[in-house]
Amino acid sequence: MENKFNNFVEVERMLQFLDIQEVTTKRQKKNGTREFKLPIKDLYCSKGSYIHVASFASGYVRRTKAVGYCPSWQLNKRIDSEPEYFDSGNVDSLGRPMYTKFTTKGCKLIPNEQDRLAYLISFCLKNYYINRANKVARASDEYIPKWKHEDELQYANEKYNNLADAARLDYEKDIAPEMPDELTIILNGHRYNVI
């Protein structure tokens, strides 16, 4: 993995700059785990709970459960594992045993703690800070993409303008009834037709 930070001091400064708080317990510290709380509330899990992520000595970086129901999942990049071959119990036309090839996807482990923290910071920046910056909060504590919010506003404005135009036309129709095609005026006993 490419080093994005030269030393732990830079990593710690970046954590402080992003207001990411370390919430590691004594037991986690003993096991080589570091857990962090982001200053961003989770949109999908328990309302009011903050996002927690952790770096494990085993090489994993995970999103962890904080409070309420919120499943944990791995943030490491996914890679194909080496293929394994299993005897299928069948033989081909020449009598040779046939094998089945089996591959899985696994996580790319990051053995160096500094690299894990750098990966964790870049992942959080991309997926939680930048991604959430383009979301707008509604009154119901629901977050929607900014483009959807702007689209709904434009639709509401067009609908309002159409209703306002219709109301104005109704008003004008009631105040000034339609004029007849011809108008007759009588002045001094003479009749004039105005077209």
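Count residues from 1 along the sequence.
Judged by distance alone, the side chain of Thr24 and the main-chain N or O of Glu35 form a donor-acceptor pair under 3.5 Å. Remark: side-chain polar atoms of Ser88 are paired, donor with acceptor, to backbone N or O of Met98 under 3.5 angstrom. Side-chain atoms of Ser122 come within 3.5 Å of backbone atoms of Ala118 as a donor-acceptor pair (strictly under, hydrogens ignored). The main-chain N or O of Leu18 is found under 3.5 Å from a side-chain atom of Tyr129 such that the two form a donor-acceptor pair. Although no hydrogens or angles enter the test, the distance criterion places no donor-acceptor pair under 3.5 Å between the side chain of Asn31 and the main chain of Thr33. With hydrogens and angles ignored, the 3.5 Å screen pairs a side-chain donor or acceptor of Asn76 with a backbone N or O of Lys108. The backbone N or O of Ile51 lies less than 3.5 Å from no partner atom in the side chain of Tyr128, so there is not a single donor-acceptor pair.
Hydrophobic clustering (ILVMFWY, side-chain heavy atoms < 4.5 Å, transitive): Leu38 and Trp73 are in one cluster.
Atoms CD1 and CD1, from Ile20 and Ile121 in turn, are 6.0 Å apart once rounded to the nearest 0.5 Å. With rounding to the nearest 0.5 Å, the separation of NZ in Lys105 from OG in Ser81 is 9.5 Å. Between the SG atom of Cys124 and the OH atom of Tyr119 there is a distance of 10.0 Å, given to the nearest 0.5 Å. Here Leu120 contributes atom CG and Arg63 contributes atom CZ; the two are 11.5 Å apart, rounded to the nearest 0.5 Å. Expressed to the nearest 0.5 Å, how far CG of Asn90 lies from OH of Tyr99 amounts to 12.0 Å. Between atom CD1 of residue Ile40 and atom CG of residue Asp19 there is a gap of 9.5 Å, rounded to the nearest 0.5 Å.
Listed here is the closest heavy atom pair of Ser55 and Leu117: CB-CD2, 4.0 Å.
Salt bridge Arg34/Glu12: present, at least one basic N to carboxylate O contact under 4.0 Å. Using a cutoff of 4.0 Å between basic side-chain nitrogens and carboxylate oxygens, Lys101 and Glu84 are not scored as salt-bridged.
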Quick one: do Val61 and Phe123 satisfy side-chain contact (heavy atoms from CB on, under 4.5 Å)? Show the steps, please. CA-CA 10 Å; Val61 177; Phe123 184 90; over 6 Å; no
For a side-chain contact (heavy atoms from CB on, under 4.5 Å) check, start with the C-alpha distance between Asp80 and Thr103, then their side-chain angles and the critical distance, and finish with the verdict. CA-CA 7 Å; Asp80 289 327; Thr103 58; 5.8 Å; no
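Counting heavy atoms from C-beta on, the side chains of Leu125 and Met14 come closer than 4.5 Å. At least one side-chain heavy atom of Phe86 sits less than 4.5 Å from a side-chain heavy atom of Phe102. The shortest distance between side-chain heavy atoms of Gln114 and Val11 falls below 4.5 Å. Annotation: side chain of Phe36 is in contact with side chain of Leu15 (closest heavy-atom distance under 4.5 Å).
Figure legend: cation-pi geometry between Arg116 and Phe56 absent, as NZ or CZ is not positioned both under 6.0 Å from the six-membered ring centre and within 45° of its axis. Under the 6.0 Å distance and 45° angle rule, Lys37 counts as a cation-pi partner of Tyr50.
Taking a 6.0 Å sphere around CZ of Arg78, one finds it holds more than 12 heavy atoms contributed by other residues, nucleotides or ligands. A 6.0 Å sphere centred on CZ of Phe17 holds no more than 12 heavy atoms belonging to other residues, nucleotides or ligands.
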